[in-house]
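Below, chains carry the letters A, B, ... as their sequence lines are ordered, and counting in each starts from 1.
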Amino acid sequence: MIKKRIIPCLDVKDGRVVKGIQFKGLRDVGDPVELAKRYNDEGADELIFLDVSATERGHELMLEVIEKTAEVLFIPLGIGGGIRTAEDVGRLLNAGADKVSINSAALKRPELIREAAERYGSQCIALSVDAKWEEEERDWFCYTHGGRKRTDVRALDWVQEAERLGAGEILLTSMDTDGMKQGFDHELLLAVKQRVSVPVIASGGAGNAEHFVNLFTETDVSAGLAASIFHNKEVSIHEVKELSKRNGVAVRET
Amino acid sequence: MIAIVDYGLGNIANVRRALEYLGYQVLLTKDPEELRQADGLVLPGVGHFGDAMRKLEADGLIPILTELKDEKPFVGICLGMQLLYEGSEEGNVDGLGFLPGKIERIRTSLPVPHLGWNQLNSENETLREDVYFIHSYKAVPDEYTVATAQYGGEEVVAIVQKGNLIGIQFHPEKSGDAGLAILDQAMKGGFR
């Protein structure tokens, strides 16, 4: 049986991890390679770096970070942010990434998913979606630019289209629950799982270990992602796994 | 010195990094003499079975691989494992034929590929670890099977060994410490 995955996500800007990270005894808390190792030791099943650099130089530094991380990290490494072309995807994979997630560029030009999937295989192409509920329309809509720009694309239609184009996984962030620490957005996740059969990574809303257990027992998503609660040591990956096991959720033993 | 068979297919870099992390010296090559001199061989591969066989053939690698298959640890990883068999439903082509049997499509109601962390079943207790799989085709368990994994009622070969010839279906280079230990053991002669 496939194990449910617990995935920490690190925001990387110009080669450095941004946002507060609280790991004891780390010489340099902003070093993505050090943090990647630490999360590996804690039992993370996969790691995602989100490149939030605003410049070309920043994206180049990301490649260096991936290369250095791949020398010491032997679990799957996903990269999101700043991907515009199939060539960008190729560069990230060559540097040592196992998967890339595409958001804005795919909304702008959906064929990018097909091109990247045909060239590198669906298993390494994820669609990243930032979705927000709109009460008047009674539906979820996709946002770009880190959640700042609303599009007219309906999230449920979009994930279905992306699967058809060859996306091998959906990284789904609910902007309604993100940062609230009240649990994942089950309503959105269940609706998306109705539309696609590829694995879904749930993101946005985790505040404690129970939220992961609820996620895995109430929806059939494949993975739960969180950033700040892991970085701030509010919850450890170990704790999430122990509680999951006690509640009958199969997780990877480390 | 470990030689990774370089036939232009798949993400060889991460297998190389894992071997180097384990302390091996690694050479990427398709030169027969260098392959002969290596202490162990790794046949990597991701992608399509038919494409891979055509590339091995185009690079003239099949005779040297056949010569060396019993000589020293010879480890096929992922598609590289599948190539060791007689053939595959994927593209309906012949494989290297070093192991008996044919590679089949995974048939289950669950999503294919079989993707993610799954547990190994084995008589060897030290192998009962969670490891990372990505594949749509599978080998069928037989007398050479060392470990398997269950996926939606299907039993897929996860590790196979016949003499010095070893196949690993999952990605040991992406399976954390457990995967690295299995890769190391494979390069040191395997599991029997």
Side-chain angles (χ1 to χ4, degrees), chain A residues 1-7 36-37 39-47 66-78 90 92-99 118-124 126 163 168-170 193 196-201 220-223 241 245 250-254, chain B residues 9-22 26 45-48 51 78-79 106 108-121 127-136 149-156 170-184:
Chain A
M1 187 207 286
I2 296 290
K3 307 296 172 84
K4 300 293 185 183
R5 286 172 282 157
I6 314 295
I7 306 175
K37 268 198 304 201
Y39 276 124
N40 179 53
D41 295 344
E42 265 205 10
D45 301 311
E46 188 169 324
L47 196 64
I66 295 168
E67 279 172 22
K68 283 189 198 138
T69 304
E71 283 169 16
V72 296
L73 185 80
F74 298 100
I75 57 174
L77 174 65
L92 294 165
L93 295 175
N94 280 335
D98 298 292
K99 296 181 197 176
E118 277 176 4
R119 206 179 293 183
Y120 306 108
S122 286
Q123 81 287 340
C124 62
E163 181 180 44
E169 189 164 64
I170 310 287
K193 277 304 290 182
V196 297
S197 65
V198 293
V200 171
I201 300 175
D220 59 353
V221 302
S222 301
K241 288 196 165 180
K245 274 193 276 181
V251 290
R252 170 190 167 224
E253 304 277 350
T254 52
Chain B
L9 201 79
N11 194 354
I12 291 172
N14 283 333
V15 174
R16 177 188 197 141
R17 288 189 187 101
L19 287 166
E20 286 174 347
Y21 185 83
L22 287 165
V26 182
V46 287
H48 191 274
D51 292 345
C78 198
L79 179 62
I106 297 173
T108 163
S109 56
L110 297 180
V112 173
H114 168 217
L115 191 158
W117 294 90
N118 201 346
Q119 193 182 0
L120 297 180
N121 307 311
L127 293 176
R128 291 178 196 160
E129 299 276 2
D130 290 329
V131 293
Y132 193 75
F133 287 87
I134 308 176
H135 62 126
S136 300
Q150 288 284 340
Y151 185 61
E154 286 266 82
E155 194 180 23
V156 304
F170 54 90
H171 286 274
E173 78 283 11
K174 286 289 147 191
S175 297
D177 293 341
L180 291 175
I182 288 170
L183 182 61
D184 195 27

Could you look at [X] and say if it's the side chain, the backbone, both or neither that has a heavy atom under 4.5 Å from chain B?
X: A/A44; value: neither
X: A/R5; value: side chain
X: A/V251; value: backbone

Atom CG of residue position B/D177 - does it have more than 12 heavy atoms of other residues, nucleotides or ligands inside 6.0 Å?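 Not buried by this count: 12 neighbours or fewer within 6.0 Å.
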Which value, rounded to the nearest 0.5 Å, describes the distance between A/E169 atom CD and B/L115 atom CG?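 These two atoms lie 7.0 Å from each other.
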Which residues satisfy the side-chain contact (heavy atoms from CB on, under 4.5 Å) test with A/S122, sequence neighbours excluded?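 side-chain contact (heavy atoms from CB on, under 4.5 Å) list for A/S122, sorted by chain: A/A117.
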Heavy-atom distances under 4.5 Å only: say whether B/P111 touches chain A with side chain, backbone, both or neither.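 Just its side chain gets close to chain A.
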Looking at residues at least two apart in the chain, or sitting in another chain, which of them share a salt bridge (Lys or Arg N to Asp or Glu O under 4.0 Å) with B/D130?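 Salt bridge (Lys or Arg N to Asp or Glu O under 4.0 Å) check on B/D130 returns A/K3.
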